[in-house]
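One structure is given below, encoded as structure tokens.
Each chain gets a letter, A, B and so on, in the order its sequence line appears, and its residues count up from 1.
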Protein chains: 2
Amino acid sequence: MPPTRRIYRREGEESRRSALITATQSLVAEGGPEAATVRAIASRAGVTAGLIRHYFQTKEELIGASFRALMDSMIQTGADAAKMVDTSPEGRLAAFVGSTLRPPVMEAGSVVLWAGYMHKLRNDPDLLAVHEAAYLAFRDTLQDLIAALPRKAPAAQHRAEAIAINALLDGLWVEGSLLPDSFAARELITIGLRSTGAILGVDLLKPTDLLPEFGKS
Amino acid sequence: MPPTRRIYRREGEESRRSALITATQSLVAEGGPEAATVRAIASRAGVTAGLIRHYFQTKEELIGASFRALMDSMIQTGADAAKMVDTSPEGRLAAFVGSTLRPPVMEAGSVVLWAGYMHKLRNDPDLLAVHEAAYLAFRDTLQDLIAALPRKAPAAQHRAEAIAINALLDGLWVEGSLLPDSFAARELITIGLRSTGAILGVDLLKPTDLLPEFGKS
DNA sequence: CGCTTGATTATACAGTTGAATAAGAAGGCT
DNA sequence: AGCCTTCTTATTCAACTGTATAATCAAGCG
């Protein structure tokens with residue numbers, strides 16, 4: 001008998017590409033880069049392996065695209081929280097801080113996914129540029145929020161403050177994602193807000209009683 | 001003619017084990033976990049692949065040992081800087097901060113190496129325990145330094161402060177290692193000292209004019 | 001000095017990897 | 001309808017993976 005051939009639907013290019021990218025991300029998050037083989041990716045995306053080379057010339061290209069997508073989504077979450085208009089400057093900064101310290105950003109999967117791409121940055125200048133751009137975009141958002149605060153601080157200081165707070169949030173994000181059981185429920189958010197406030201000389205804990213509502217999509 | 005067999009020396013167990021661990025680390029740092037194949041590791045360590053299984057029952061065991069070695073060396077550097085006796089409490093804390101923000105800790109290789117092991121933490125409880133122990137050891141050293149400061153702050157606050165400063169240093173470490181060209185020479189150390197001081201309410205910049213001398217081995 | 005021991009090498013193996021190619025199916029065009 | 005381009009699958013390939021096992025040689029001991 002003729003070998004029964006798999007039935008399939010034709011899908012738009014965008015749909016297939018994003019399905020492959022999503023599949024790649026979930027595999028890297030679960031089992032690291034070595035788990036993201038072309039066959040595993042294809043299987044999870046519901047297609048066969050050969051299709052990958054139809055949309056991405058090489059596997060590296062797919063890896064790069066999925067890294068880009070991750071970075072985009074990370075800075076997007078923060079940018080959304082920073083855009084809230086009907087709030088005080090302190091409230092927007094607090095919302096920004098909070099959004100990075102709770103799911104979906106603060107999750108074991110995100111950190112592991114991010115770490116999984118890390119070593120590729122050293123050998124691939126394009127990927128490094130993506131990383132640098134995302135880092136600077138995140139920091140610039142932060143710096144704008146800092147500049148909007150009602151306080152007397154020289155603008156020259158804003159850069160250093162943004163670097164410090166960005167680092168603080170990164171560190172809390174990593175630790176909280178990797179060791180979720182080592183911290184009480186909202187402990188890291190409180191610590192993030194208090195420390196950010198200390199660095200900037202403002203009080204962020206007061207206006208954030210409503211914070212659990214912020215950042216919900 | 002008879003195939004010439006490779007000449008070799010017998011080495012002590014400790015020497016071979018550490019050679020294999022070092023080789024594993026340098027390969028992971030350079031090309032990520034996927035570059036650390038048994039053959040590459042053996043070649044770099046100057047032995048043949050089969051020998052690995054003589055010292056480590058499986059490759060995973062070797063990976064675990066090299067992760068342990070990395071974590072040990074990381075916390076050791078900080079502990080050494082914190083142990084300086086003939087200095088003020090502020091001076092010791094400043095030395096601790098500085099030691100994490102300069103080589104050999106702050107290096108692209110270190111971060112990439114650390115990130116390379118990351119995803120294994122999710123599936124291997126033993127490795128996760130190693131990571132947690134190292135993280136807590138680092139934080140405890142920090143907390144002791146904080147407790148020794150001459151200031152009026154409730155001891156209950158020390159834990160939160162140590163978590164925050166640890167996160168800050170982690171974040172600066174990652175960013176500085178990954179994007180070394182984005183920061184001026186001692187910029188990150190200054191930022192680390194100023195921010196740590198702000199979180200704790202002390203001045204760390206003053207007593208650290210000699211800081212470049214600290215932490216040199 | 002000869003012998004035993006076990007550290008080390010060499011070879012083999014089954015499975016998997018990323019990539020290449022050819023065949024077939026779906027849908028748009030006229 | 002019929003053709004033609006684009007998408008999708010199936011199959012193949014050489015290279016590489018971790019592990020297992022057998023052969024061999026270095027070195028310490030009697």
Side-chain angles (χ1 to χ4, degrees), chain A residues 1-24 27-28 30-67 116-117 119-120 123-124, chain B residues 1-24 27-28 30-67 116-117 119-120 123-124:
Chain A
M1 65 185 173
T4 79
R5 196 183 174 88
R6 179 194 170 111
I7 61 169
Y8 63 94
R9 282 191 317 159
R10 282 174 94 122
E11 295 263 352
E13 165 164 350
E14 214 44 49
S15 157
R16 287 287 193 218
R17 286 181 81 95
S18 80
L20 288 170
I21 287 174
T22 302
T24 304
L27 281 166
V28 173
E30 285 169 24
E34 59 217 38
T37 69
V38 288
R39 288 169 178 78
I41 293 168
S43 158
R44 182 157 303 196
V47 298
T48 50
L51 187 65
I52 290 179
R53 296 213 356 124
H54 191 261
Y55 289 110
F56 302 93
Q57 201 150 12
T58 171
K59 186 194 172 189
E60 287 303 305
E61 206 177 304
L62 170 57
I63 297 285
S66 60
F67 180 67
Y117 293 115
H119 86 272
K120 298 190 195 299
N123 305 325
D124 187 333
Chain B
M1 65 183 172
T4 81
R5 194 185 173 90
R6 177 193 172 113
I7 61 171
Y8 64 96
R9 279 191 319 159
R10 289 173 93 125
E11 297 258 353
E13 165 165 349
E14 214 44 49
S15 157
R16 284 288 192 228
R17 287 183 77 95
S18 79
L20 288 171
I21 286 174
T22 302
T24 303
L27 282 165
V28 174
E30 286 169 25
E34 60 216 37
T37 69
V38 289
R39 287 167 178 80
I41 293 168
S43 160
R44 183 158 302 197
V47 297
T48 52
L51 188 64
I52 289 179
R53 296 222 346 132
H54 192 262
Y55 288 107
F56 301 92
Q57 202 149 11
T58 172
K59 187 196 172 190
E60 288 303 303
E61 205 178 305
L62 169 57
I63 297 287
S66 61
F67 179 68
Y117 293 114
H119 87 273
K120 298 190 194 295
N123 304 325
D124 187 332

Pick out the pairs of N or O atoms, protein on one side and nucleotides 26-30 of chain D on the other, that lie under 3.5 Å.
from: D:dA26; atom 1: N3; to: B:Arg10; atom 2: NH1; distance (Å): 2.3

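- Checked against side-chain hydrogen bond (donor to acceptor under 3.5 Å, both in side chains), B:Thr24 has no partners two or more places apart in sequence or in another chain.
- Here C:dT8 presents its C1' atom at 14 Å from CD of B:Glu13, a figure rounded to the nearest Å.
- Contacts of A:Glu34 classified as side-chain hydrogen bond (donor to acceptor under 3.5 Å, both in side chains), with partners at least two apart in sequence or in another chain: B:Lys120.
- Listed by chain and residue number, B:Glu61 satisfy the side chain to side chain contact (heavy atoms under 4.5 Å, CB included) test with B:Gln57 (two or more places apart in sequence, or in another chain).
- Heavy atoms of A:Arg39 sit under 4.0 angstrom from at least one base atom.
- For the atom pair CG of A:Leu27 and OG1 of A:Thr37, the computed distance is 7.5 Å after rounding to the nearest 0.5 Å.
- Between the CD1 atom of B:Ile41 and the P atom of D:dT17 there is a distance of 11 Å, given to the nearest Å.
- Counting non-hydrogen atoms under 4.0 angstrom, B:Thr48 reaches a base of the nucleic acid.
- B:His119 and A:Pro33 make their closest contact through ND1-CD, 4.2 Å (heavy atoms, listed as atom of the first residue, atom of the second, distance).
- Closest to the side chain of B:Arg16, from the set C:dT8, C:dT17, D:dT9, is C:dT8.
- Shown here are the side-chain hydrogen bond (donor to acceptor under 3.5 Å, both in side chains) partners of B:Arg6, two or more places apart in sequence or in another chain: there are none.
- Protein atom CG of B:Leu27 is 11 Å distant from nucleotide atom P of D:dG18, rounded to whole Å.
- Not counting sequence neighbours, B:Glu60 has no partner by the salt bridge (Lys or Arg N to Asp or Glu O under 4.0 Å) test.
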Please tabulate, for the side chains in residues 38-48 of chain B, all donor-acceptor contacts under 3.5 angstrom to protein atoms that are two or more places apart in sequence or on a different chain.
from: B:Arg44; atom 1: NH1; to: B:Ser26; atom 2: OG; distance (Å): 3.0
from: B:Arg44; atom 1: NH1; to: B:Glu30; atom 2: OE1; distance (Å): 3.4
from: B:Arg44; atom 1: NH1; to: B:Glu30; atom 2: OE2; distance (Å): 2.9
from: B:Arg44; atom 1: NH2; to: B:Glu30; atom 2: OE1; distance (Å): 3.3

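- Contact check of residues 54-61 of chain B against DNA chain C (heavy atom, cut-off under 4.0 Å) returns B:His54, B:Tyr55.
- Taking for each of B:Gly12 and A:Gly50 the nucleotide of DNA chain C with the nearest heavy atom, the 5'-most of the two is the partner of B:Gly12.
- Rounding to whole angstrom units, CZ of residue B:Arg5 and P of D:dC25 are separated by 5 Å.
- Rounded to an integer number of Å, the gap from A:Ile52 CD1 to C:dA19 P is 9 Å.
- Within the structure, ring-ring contact (aromatic ring centres under 6.0 Å, His included) pairs that include any residue of residues 48-67 of chain B comprise B:Phe67-B:Tyr117 (at least two apart or interchain).
- The distance from atom CD of B:Glu34 to atom C1' of C:dG18 is 12 Å, rounded to the nearest whole Å.
- One atom, CD of B:Glu11, and another, P of C:dA7, lie 13 Å apart when rounded to the nearest Å.
- The distance from atom CZ of A:Arg53 to atom C1' of C:dA22 is 14 Å, rounded to the nearest whole Å.
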